[in-house]
Amino acid sequence: MTDRPVGGTTVAGTPAGAAPWLWARPGAAGIARRPGKAGRLPEAVLFDRDGTLVVDVPYNGDPDRVAPMPTARAAVTALRELGVAVGVVSNQSGVARGLLTQEQVMAVRGRVDELFGPFDVWAVCPHGPADGCGCRKPAPGLILAACERMGAAPERTVVVGDIGSDVQAASAAGARGVLVPTSVTRPAEVAAARATARDLLTAVRLISSPAGCAAGWGTDDVPPPGPPQERPRAVGGGG
């Protein structure tokens, strides 16, 4: 994977200085498959990072603190075996707050790629809530930028995340969203989600099954969310 984010990218008219950081695996440009109607698989699946792929450690810049979420590695492996492109879309406003450096974000990204194998694309928003960018989820910019880099149509892309802003960003981009609730997911977010799954492997099975690939999709049996907890990402943490 390239060692530096791609510069000068703009999303939906966003100034270049407010653009997302993009890293692409060598050879990943245009990698997204164009499955036939019989398969109806998505062209790409984009994962939120913190609380979805890896355990949520607020404003984490330490690769040694990266730990996969349950079934996460199996889920990513299953998609690769199906030939589906995979990427990561993550809010990292710790950068804007002075709590993280670009080097730390890159180091954590490198550790995630070590644990899961290199993702085809990473799209990271380093901005804060008040910066007016078009990439911070629930805005669609990260999804649109990742899809463009992989050559995937947003409407043939699935976004998997653990909070409402992940699936809202998917909807804003014209993609589909699957919510995988955790202890920080609000009950209202679960109720509003079009599709939910109890863990990432179940989400992949929903995405790739004949019934799930059809227009209906559905909701897996998800345990009731726990009582609302402090949500550092809601005030600008990772994602």
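In this chain, numbering begins with 1 at the start of the sequence shown. Below, each value reflects all heavy atoms present in this structure, side chains not excepted, and no hydrogens, waters or symmetry copies. Note that this is a predicted model, so its numbers are computed, not measured.
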Return each pair, listed once, that meets ring-ring contact (aromatic ring centres under 6.0 Å, His included) where at least one residue sits in residues 71-118; pairs must be two or more places apart or across chains.
F116-F119

Which residues pass the side-chain contact (heavy atoms from CB on, under 4.5 Å) test with P70, not counting sequence neighbours?
none

Rest of the hydrophobic cluster containing M69 (Ile/Leu/Val/Met/Phe/Trp/Tyr, side-chain heavy atoms under 4.5 Å)?
V55

Hits for side-chain contact (heavy atoms from CB on, under 4.5 Å) against A123, two or more places apart or cross-chain, chain-then-number order -> L22, V89, L142, A146

Could you check if a side-chain atom of R73 sits within less than 4.5 angstrom of a side-chain atom of L201, using non-hydrogen atoms only?
no

Tell me, please, which residues at least two apart from E114 pass salt bridge (Lys or Arg N to Asp or Glu O under 4.0 Å).
R111

Indicate yes or no: at least one non-hydrogen side-chain atom of R156 is less than 4.5 angstrom from one of P42.
no

Any sub-3.5 Å donor-acceptor pair from D62's side-chain atoms to D64's backbone N or O?
yes

From the options T52, V190, V160, V159, select the one residue that forms a side chain to side chain contact (heavy atoms under 4.5 Å, CB included) with L179.
V190

For residues 144-186, which residue pairs qualify under ring-ring contact (aromatic ring centres under 6.0 Å, His included), counting only residues two or more places apart or in two chains?
none

Do K137 and D166 meet the salt-bridge criterion of a basic N to acidic O distance under 4.0 Å?
yes

For the residue pair Q92 / D50, report whether a side-chain donor-acceptor contact shorter than 3.5 Å exists.
yes

